[in-house]
Every structure is written in C-alpha cells, then in structure tokens.
Undergrad: 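Here's a structure for you.
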Amino acid sequence: MKIIAARLIVCSPDRNFVTLKIETDEGIYGLGDGTLNGRELAVASYLSEHILPCLIGRDPFQTEDIWQYLYRGAYWRRGPVTMAAIGAVDVALWDIKGKALNTPVYNLLGGKSRNGVLVYTHANGRDIPEALDSVRKHMDEGYLAVRAQSGVPGVASSYGVPKAGKPYEPAERCLPSESLWSTEKYLNFVPTLFEKLRVELGPDVHLLHDVHHRLTPIEAGRLGKALEPYHLFWMEDPTPAELQEGFEVIRRHTTTPIAVGEVFNSIWDAHDLVRHQWIDYLRMAIVHGGGITPLKKTADFAALYHVRTGFHGATDLSPVTMAAALHLGLAVHNFGIQEHMPHSALTDEVFPHNYTFDAGYMYPGSAPGLGVDIDEKLAAKYPYQRAYLPIARKLDGTLTDW
Ligand code: GCO
Ligand code: MG
C-alpha cells in the first residue's frame, strides 16, 4: 500500500479544526487532527509546506519509521506546532492501518484492557449554588466523575466559567480578551466550594478541579492540603510545569492527587515528573504529544511509576483526537480517566463518529480504524475564523498565567 495524496481540511463548525486526510492507492484513507487552539494555521502551514510532500509514495503501515523520519529527520524537534503536525500524520496512519486490517485501532495497541473508558465532564457555575446544580445535572446524565469550577467572589470572569447561558468554550473569535485574577481570593474560596459539594453530593461521585497553572508550588501545596477532606480525584495543573521539580514541593505538602500535561508535547516534558512520582495522572493530548505512537510509549513508561493516563479531551481537540484517546485508553493497562467535554451538535455533524457515551463510560465502537469521518461538503460551509485564548492579569495589572 502507498500514500498517494495528503491534504488539509481547515474548518470552523462553531470552532476551528485542522484535519488531515491521507489517501492510499487502495482507496483507504485515514484522518488525523492537527488542531492547536489559537495557533491553527501555524500547524496547517507546517504540514502543507514541510510534511505532506514527504509522505507521497510511503507505506502507511510504517508508523514507527515515518514518526522517526518526521521527528528526527527534521533536526528541529518538539514544540506544540511541530508535534501537533506529526501527531496529525501519525493518527491518520493508525486509522489507515486499522481500516486495512479491518479492525478497530485498540486491537493494534494490545486489545481491550477494560470494558469501557471512564470519563469526566465539566460542571461550572457563577457561584457555589450554580456549580452544585451543574454537577447534579451531569450526575443525572450518568457521569460518575465531574470537574467542578465556580466563579470566585471578587474575581471577574474566573477560569472555566462560561459567559451567560453559553457552553464553556475558551477561544473567542476576537483578539485576546483579558480577565483578572487574585490568588488570595481563589485560595480562600475553593475549599468552601468542595466542602459544599461533598456535603450535598456524598462520598461516591469523583470530583476533579482544574487550577489552570495559576499557583506557585507552595500555594498549590496549601490548596491540596485544604482540599484533602473532600478527596478529589485530582487537582489539575496546579502550577506551570516547565519547572518539573516544582512538583516535588507540592508533593511534600499534600496527598491530593495531581494531574498535569495538557500543554506537554513530549515524554521529556514529563520525564522527571513521572520518574520521581511527583504526579498521579498524565494529561498530554494525543495530537499535541505527536500521536498514538509516542503516547503509547509514554503511557507504558508512566505505568512503571504508578502514573496513570488522563488524556486531554477539551473541545479544541477534534472528534478524531477524541476517538484516538478512547482507543488508546481502552488498551493501555494504566488508564486512569478520560476528559469528555462534548462537542457542539454542529461539530458532531461535521465529524460523524462511532464513539458513544453510556452511564459514565465511553466506547470507541468496533468500526475498523478510529471510527470517525468528516463531511467535507458541510465542513466547507464553515471556513476558518481567527480566534484567540484569553489572557489573565493580576489585580495590579501584572500579566499572569491564564
Ligand atoms: C481542560 C483545559 C482546557 C484548556 C484548553 C485550552 O482541562 O480541558 O484546561 O479547557 O483551557 O484546552 O485550549
Ligand atoms: Mg486543564
């Protein structure tokens, strides 16, 4: 089998997506996702200018060699743009491989290690009563695990809280908006949120929380300790993770489990975190980490240190990445949980897929390959629109991590 064509479909059905379609001489094609929120065209250009011409004529079954060719062969390694571009190719090749062998991708990764993939979804509210209602609503829908975010009194536009009545979607089709941030107000408030949730909801539901990189390690240690009575499933991205040893400080102070990695793009970003057991869950997105090939290796490495997976699953990753995460999550032994932030109805229409949700779990389906397609005619009706993530400033105007 040979690759005869590779092209991009950049569309915006409610939000931007960069999709790669690789076609073969046997009529089988595969899809990959190259979406990098707010930087979509950088990945599209990396793919069309630098990668796609090199794919023509290659054997799509050689996922390992093609991955090494694109990673080592470029000389310039890593970084979100490069790795998302490589990830798009790698995932499309696994899709082709599954279709050619007439089997779902998880069978090529070790087969099913479990019946279904435990997922968590997002609850949010402008205040504690609204956040509580939102968690309850998702529990009624069948979710066994829910991430809870709430507006913080005295802090305008807190992370994770939608603008009135709209589903939460951080990228906006305008120049970056600015939100204000106060660590002091946040740290005083969050334990009261989870105290209320536990009292009202009981001990069984898994509760998660995303700090979104906003604290220093010692502040994160304080928060983790304060949250211990409410036994969170995890506290996510407590501090920016460039300094991996920062997590040792957090670990020294709290037993609240830690999840990190949605902005990582290489096993090397997590190497120290994993081998020192400073974290519990690794959240790298399949696309931004360079595809299924490196993520399988990363998961196996993490397994040696009791670190489990919690792959990124926000709406800025397309249904193709969602499917890839479900196949890999079903197969690896050290699966932890999968994020599920459902896409809009329009996005789902553009990307028809086989994966399903039932009673707290998701299932990738048994279609050959990944089980996701793209309706190109419909996609063409929604052209790319420039969009940015917001930025955050402290109350005194200092730019801080969003
Ligand atoms: C999450 C996230 C996201 C990010 C988004 C940025 O845990 O799902 O933190 O919602 O903010 O992916 O593009
Ligand atoms: Mg997050």
Side-chain angles (χ1 to χ4, degrees), residues 1 3-7 9 11 13 17-35 59-63 87-119 142 285-287 291-293 295-296 299 309 311-313 315 317-332 335 338-379:
M1 192 186 281
I3 296 172
I4 55 165
R7 61 195 168 79
I9 302 145
C11 62
F17 293 111
V18 175
T19 307
L20 172 64
K21 188 167 187 173
I22 298 183
E23 294 170 70
T24 67
D25 58 349
E26 294 185 17
I28 292 171
Y29 63 85
L31 295 182
D33 172 29
T35 309
D59 175 356
F61 267 62
Q62 293 181 347
T63 41
V89 175
D90 184 74
V91 169
L93 297 182
W94 280 98
D95 192 22
I96 290 173
K97 209 186 278 210
K99 287 174 177 169
L101 296 172
N102 197 29
T103 193
V105 167
Y106 61 76
N107 275 339
L108 307 175
L109 303 171
K112 285 188 192 183
S113 285
R114 53 195 53 77
N115 300 324
V117 174
L118 177 71
V119 294
I286 309 292
V287 43
I292 291 171
T293 297
L295 261 296
K296 171 76 167 78
T309 66
F311 299 130
H312 194 200
T315 39
L317 309 163
S318 92
V320 177
T321 290
M322 188 66 204
L326 293 175
H327 283 271
L328 189 53
L330 199 65
V332 293
F335 167 78
Q338 170 63 45
E339 182 177 21
H340 179 222
M341 190 181 169
H343 288 106
S344 75
L346 180 60
T347 298
D348 281 343
E349 218 185 311
V350 168
F351 295 93
H353 52 259
N354 281 274
Y355 58 76
T356 50
F357 169 83
D358 182 42
Y361 292 84
M362 286 182 77
Y363 302 87
S366 52
L370 292 170
V372 183
D373 213 335
I374 185 164
D375 180 337
E376 291 193 56
K377 273 201 186 131
L378 189 58

Undergrad: With side chains defined as the heavy atoms from C-beta onward, is the minimum distance between Val117 and Tyr361 less than 4.5 Å?
TA: no

Undergrad: Kindly compute the distance separating CD (Glu376) from OG1 (Thr19), expressed to the nearest 0.5 Å.
TA: 9.0 Å

Undergrad: Is there side-chain contact between Val91 and Asp33, with at least one heavy-atom pair below 4.5 Å?
TA: no

Undergrad: Taking the side chain from Lys97 and the backbone from Phe61, do they hold a donor-acceptor pair closer than 3.5 Å?
TA: yes

Undergrad: Between CD1 of Ile96 and CG of Leu370, what distance do you get to the nearest 0.5 Å?
TA: 10.0 Å

Undergrad: Run the ring pair (Phe, Tyr, Trp, His ring centres under 6.0 Å) test on His353 and Phe351 for me, step by step, so that the C-alpha distance in whole Å, both residues' side-chain angles and the decisive distance to 0.1 Å come before the verdict.
TA: CA-CA 6 Å; His353 52 259; Phe351 295 93; 8.7 Å; no

Undergrad: Under 4.5 Å between any side-chain heavy atoms of Ile292 and Leu109, yes or no?
TA: yes

Undergrad: Report yes if some heavy atom in the side chain of Gln338 is under 4.5 Å from a heavy atom in the side chain of Leu326; otherwise report no.
TA: yes

Undergrad: Is the closest side-chain heavy-atom distance between Ser113 and Phe335 below 4.5 Å?
TA: no

Undergrad: Which heavy atom of Ala379 sits nearest to which heavy atom of Cys11, and what is that distance?
TA: O-CB, 3.6 Å

Undergrad: Rounded to the nearest 0.5 Å, what's the gap from CG on Leu20 to CG on Asp90? Could you check?
TA: 11.0 Å

Undergrad: So do Pro319 and Thr347 actually touch side chain to side chain, heavy atoms under 4.5 Å?
TA: yes

Undergrad: Please indicate whether Tyr363 has more than 12 foreign heavy atoms, meaning atoms of other residues, nucleotides or ligands, lying under 6.0 Å from its OH.
TA: yes

Undergrad: First locate atom CG of Leu328, then atom OG1 of Thr309, and finally report the distance between them rounded to the nearest 0.5 Å.
TA: 7.0 Å

Undergrad: Can you check whether Glu23's main-chain N or O pairs, donor with acceptor, with Arg7's side chain at less than 3.5 Å?
TA: no

Undergrad: For the atom pair CE (Met322) and CE (Met362), what is the distance rounded to the nearest 0.5 Å?
TA: 4.0 Å

Undergrad: Please answer whether the main-chain N or O of Ala367 pairs with a side-chain N or O of Asn354 as donor and acceptor at a distance below 3.5 Å.
TA: no

Undergrad: For a 4.5 angstrom cut-off between non-hydrogen side-chain atoms, does Ile22 reach Pro60?
TA: no

Undergrad: For a quick test of reading the model, state the closest non-hydrogen atom pair linking Val320 to Val372 and the distance between them.
TA: CG2-CG1, 4.0 Å

Undergrad: Any idea which heavy atoms bring Ala100 and Met1 closest together, and the distance?
TA: CB-CE, 3.6 Å

Undergrad: If you apply the rule side chain to side chain contact (heavy atoms under 4.5 Å, CB included), what do you find for Glu349 with Asp375, and how did you get there?
TA: CA-CA 8 Å; Glu349 218 185 311; Asp375 180 337; over 6 Å; no

Undergrad: Where do Trp94 and Thr293 land on the side chain to side chain contact (heavy atoms under 4.5 Å, CB included) test, with the steps shown first?
TA: CA-CA 9 Å; Trp94 280 98; Thr293 297; 3.0 Å; yes

Undergrad: Quick one: does Phe311's side chain get under 4.5 Å of Leu295's, heavy atoms only?
TA: yes

Undergrad: Ignoring hydrogens, what is the shortest heavy-atom contact between His343 and Ser318? Give both atom names and the distance.
TA: CE1-C, 3.8 Å

Undergrad: Can you tell me how the ring of His340 sits relative to the ring of Phe357, calling it parallel under 30°, perpendicular over 60° and tilted otherwise?
TA: parallel

Undergrad: If you take all heavy atoms of His312 and Glu339, which pair is closest and at what distance?
TA: CD2-OE1, 3.1 Å

Undergrad: Tell me the closest heavy-atom pair linking Val287 and Gly34, and the distance in Å.
TA: CG2-CA, 4.0 Å

Undergrad: Here's a test for you: under side chain to side chain donor-acceptor pair (under 3.5 Å), which of Asp95, Thr24, Asp373 qualifies with Tyr29?
TA: Asp373

Undergrad: For the CG atom of Asp59 and the CD1 atom of Ile3, what is their distance to the nearest 0.5 Å?
TA: 8.0 Å

